[in-house]
Amino acid sequence: MTLLDRTTRRSMKATLNGPHFRRTAIIDIGSNSVRLVVYDGPRRIPFVLFNEKVLAGLGAEIGTSGRIGAAAMERGLVALERFARLCVEMEVDQITCVATAAVRDASNRDTFIERAAEIGLEVRVLSGQEEGLASAHGLLSGMPRADGIMGDLGGGSLELVRVRPDGVQMPVSLPLGIFRIGDARLRGRKGLVQHLDGLLKAQGLGNIEQGLPFYLIGGSWRALARLDMHLTNYSLPILHHYEMTPDRPVELLKWLESAQKADLKAVGVSSARFPTLPDAAHLLCAVVERLRSAHLTVSAFGLREGLLYESLPTDMANQDPLLVAARIEGEAQGRFVGHGDTISGWIAPLFRDDSPEWARIRFAACLLADVGWRANPEFRAERGMEFALQGNWVGVDAAERAALGQALHANFGGGTNIPALLAGLAPEPLLRRAIQWGLAIRLCQRLSGGAEGPLDGSSLDVRDGTVILRLDPEHAALAGESIDRRLRQLGQAMGMGYLLDA
């Protein structure tokens, strides 16, 4: 029996078996790889339970013969048979099997689909527009505030979609996948830009918006971002929400043109991915030049996550992915189920002038206020910081991760110190504010012991430059040296006096 099962006041098993939780699988048959991902947990932001891919190369011969090669077809079908069996053994509730450009464009697609059906898989072949929309919805699932143009580079096509927080529009699929770029790039960068421009005009997008952020999806472009992290000594090696300036693709291309396989292995790029990177970099340079992109942001979410997102009811799709994940993790690893909401309401009067963006991160910190309790006391502050930085969160950028880490660091006893790692990721005013959040949470935890009563019988507020903790007469006995010490530390961090009114 897990700690969650023992401590929760309601049946977590019943919750996990309810309509908002289900085990699902996506089998993604792409031009380069065939992948199975099994998801479990909350439908809005499910956990990846299993992830495996096979580099079948179904699209490798499409550009020359128009067909899926015999060897590639066999590799793909062997992978599908294994994946189908795994789904049975893992008791998957629902399997969605989709195919993209390679199968879509292959003259022998019917043969592939029929043989997949013999395995027991119904393959849905996505149109170019459907593929683009699914990837765009995946982007919005993991970055609800995304506003710009999304590019999803696959083996057989490049999907471009205009993305806004309130929806997507103008999906277009261009025949510029990794397996199709080679001939076009022989014309040089200017020629490739002109070729891209011609394809856009043919789709009625000659006047596509310029100067917007560009969001990168696709394995080859993510590998370029990983390379950029290495070359720039970036301190937080998490791809999702990683940002690059518009000049970086050119610099990456220069590096690739002189690199050896050993150089790429040293930065964690697989040998199978190596041959595709120069073409991917050439195309990215052309796209950035044509769109005059303001900056580049990497999304770890794409087609598969978009398919899941599209199946959600509107109210669930509108949930904040960070807060959903923080609530699940906080209750799974904490002692006091539901206490995060109470903490958030109790400390909120101190921070009335926080922006909505800051208040959101503060709320996430409250939901995660107890995740470090099982760590050795000497390492709880580091545990809190690492949990925030390394957690599989989405809907949060690097600075916000750092603020969350700073709040948990202070909450678990790190005091007012700003670790060097965090200082390099977020502006100091945000980190100083996060310290205040953490110290307020720390005071709340000490006062309440995880119980509701002490918080119902007390209040925390600011008046005339003083942080005031008031205790009702029936809770006055809760005042003590430890409460006074933590209140004083909070007041000092806020540059204010402090008063315990009991």
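For clarity, every value in this text was computed on a predicted model and none was experimentally measured. Hydrogens, waters and symmetry mates play no part in the numbers below; they use all other heavy atoms, side chains included.
- Looking at every heavy atom in both residues, Leu368 comes nearest to Leu408 through O-CD2, 3.7 Å.
- Salt-bridge formation is not detected for the pair Arg401/Asp397: no Lys NZ or Arg NE/NH1/NH2 atom is positioned less than 4.0 Å from an Asp or Glu carboxylate oxygen.
- No donor-acceptor distance shorter than 3.5 angstrom exists from the side chain of Ser157 to the backbone of Ala101, with no hydrogens or angles considered.
- Between Arg222 and Leu216, the closest side-chain pair of non-hydrogen atoms is not below 4.5 Å.
- At least one donor-acceptor pair closer than 3.5 Å links the side chain of Glu130 to the backbone N or O of Ser127.
- Of all the heavy atoms in Ala365 and Ala407, the pair that sits closest is CB-CB, 3.9 Å.
- Of all heavy-atom pairs spanning Ala286 and Leu196, the tightest one is O-CD2, 3.9 Å.
- Residues Pro419 and Gln406 meet the side-chain proximity criterion, which asks for heavy atoms closer than 4.5 Å.
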Going through the checks in order, is the side-chain contact (heavy atoms from CB on, under 4.5 Å) test met by Glu209 and Leu212?
-> CA-CA 7 Å; Glu209 289 179 84; Leu212 298 173; 3.6 Å; yes
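- Put simply, CG on Asp228 and CD on Glu251 are 9.5 Å apart, with the number rounded to the nearest 0.5 Å.
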Determine, stepwise, if the pair Gln169 / Arg164 fulfils side chain to side chain donor-acceptor pair (under 3.5 Å).
-> CA-CA 8 Å; Gln169 59 184 181; Arg164 292 183 172 88; 2.2 Å; yes
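- No side-chain heavy atom of Val98 sits less than 4.5 Å from a side-chain heavy atom of Ile29.
- Ion pairing between Arg335 and Asp370 holds under the 4.0 Å rule for side-chain N and carboxylate O.
- The CZ atom of Arg292 sits 8.5 Å away from the CZ atom of Arg290 when rounded to the nearest 0.5 Å.
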Could you give me the CA-CA distance, side-chain angles and deciding distance for Tyr39 and Arg304, then say whether side-chain contact (heavy atoms from CB on, under 4.5 Å) is met?
-> CA-CA 10 Å; Tyr39 301 90; Arg304 294 178 293 276; 3.6 Å; yes
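- The backbone N or O of Gly41 sits nowhere less than 3.5 Å from a side-chain atom of Arg22 that would complete a donor-acceptor pair.
- With hydrogens and angles disregarded, a donor-acceptor distance shorter than 3.5 Å links the side chain of Arg23 to the backbone of Met90.
- Judged purely by atom type and a 3.5 angstrom limit, Asn318 uses its side chain to pair as donor or acceptor with the backbone of Thr314.
- Note that the CG atom of Leu308 and the OG1 atom of Thr96 stand 7.5 Å from one another [nearest 0.5 Å].
- When atom types are taken as modelled, the side chain of His137 and the backbone of Leu133 share a donor-acceptor pair closer than 3.5 angstrom.
- Atom-to-atom distance recorded for Phe363:CZ and Asp341:CG is 4.5 Å, nearest 0.5 angstrom.
- The two atoms that bring Leu153 and Leu176 nearest to each other are CD1-O, 3.4 Å, heavy atoms only.
- Dense packing is recorded around CD of Glu257, with more than 12 heavy atoms of other residues, nucleotides or ligands lying under 6.0 Å away.
- In this structure, the side chains of Ser135 and Val161 stay at 4.5 Å or more apart for every pair of heavy atoms.
- Scanning all heavy atoms of the two residues, the minimum distance from Arg104 to Arg109 falls at O-NH1, 3.4 Å.
- Salt bridge annotation for Arg85-Glu81: absent, with no cationic side-chain nitrogen under 4.0 angstrom from a carboxylate oxygen.
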Give the intermediate values and the outcome of side chain to side chain donor-acceptor pair (under 3.5 Å) for residues Arg248 and Thr232.
-> CA-CA 10 Å; Arg248 290 304 300 164; Thr232 58; 5.8 Å; no
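- A salt bridge links Arg180 with Asp105: the closest approach of a Lys/Arg side-chain nitrogen to an acidic carboxylate oxygen falls below 4.0 angstrom.
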Go through the steps to decide whether Leu404 and Val396 satisfy the test side-chain contact (heavy atoms from CB on, under 4.5 Å), and finish with yes or no.
-> CA-CA 10 Å; Leu404 185 58; Val396 59; 5.9 Å; no
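- Between the side chain of Ser258 and the backbone N or O of Trp255, at least one donor-acceptor pair lies under 3.5 Å.
- The CD1 atom of Ile45 sits 9.5 Å away from atom CG of Asp320, with the distance rounded to the nearest 0.5 Å.
- A 4.5 Å side-chain heavy-atom check between Lys190 and Gln194 finds at least one atom pair inside the cut-off.
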Check: residues 58-73 side-chain donor-acceptor pairs under 3.5 Å, at least two apart:
from	atom 1	to	atom 2	distance (Å)
Thr64	OG1	Glu61	O	3.2
Ser65	OG	Glu61	O	3.0
Ser65	OG	Arg67	N	3.2

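- By the 30° and 60° cut-offs, the orientation of the rings of His240 relative to Phe301 is tilted.
- Within the 4.5 Å cutoff, the side chain of Phe83 has heavy atoms near those of the Val34 side chain.
- Atom CD in Gln94 sits 7.0 Å away from atom OG1 in Thr24 (nearest 0.5 Å).
- The minimum heavy-atom distance between Leu277 and Ser220, with the atom names listed, is CD2-O, 3.6 Å.
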List the atom pairs, donor and acceptor, that lie under 3.5 Å between side-chain atoms in residues 46-54 and the rest of the protein, sequence neighbours left out.
from	atom 1	to	atom 2	distance (Å)
Asn51	OD1	Arg35	NH1	2.7
Glu52	OE1	Arg82	NE	3.4
Glu52	OE1	Arg82	NH2	2.7
Glu52	OE2	Arg82	NE	2.8

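- Between Phe214 and Trp221, the ring planes are perpendicular. Angles over 60° get that label, and only those under 30° would be called parallel.
- Side-chain contact between Asp28 and Leu307 is absent, with no heavy-atom pair separated by less than 4.5 Å.
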Steps toward side chain to side chain donor-acceptor pair (under 3.5 Å) verdict (Ser141, Glu305) | CA-CA 7 Å; Ser141 175; Glu305 292 76 17; over 6 Å; no
Please assess Leu227 against Leu252 for the test side-chain contact (heavy atoms from CB on, under 4.5 Å), listing each intermediate value before the final yes or no.
-> CA-CA 8 Å; Leu227 173 60; Leu252 293 173; 4.0 Å; yes
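- Counting only heavy atoms from C-beta outward, the side chains of Leu389 and Ile238 never approach each other to under 4.5 Å.
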Return a table of donor-acceptor pairs under 3.5 angstrom between the side chains of residues 142-150 and protein atoms on other chains or two or more places apart.
from	atom 1	to	atom 2	distance (Å)
Arg145	NH1	Glu400	OE2	3.1
Arg145	NH2	Gly395	O	3.3
Arg145	NH2	Glu400	OE1	3.1
Arg145	NH2	Glu400	OE2	3.4
Asp147	OD1	Arg162	NH1	2.9
Asp147	OD1	Arg162	NH2	3.3

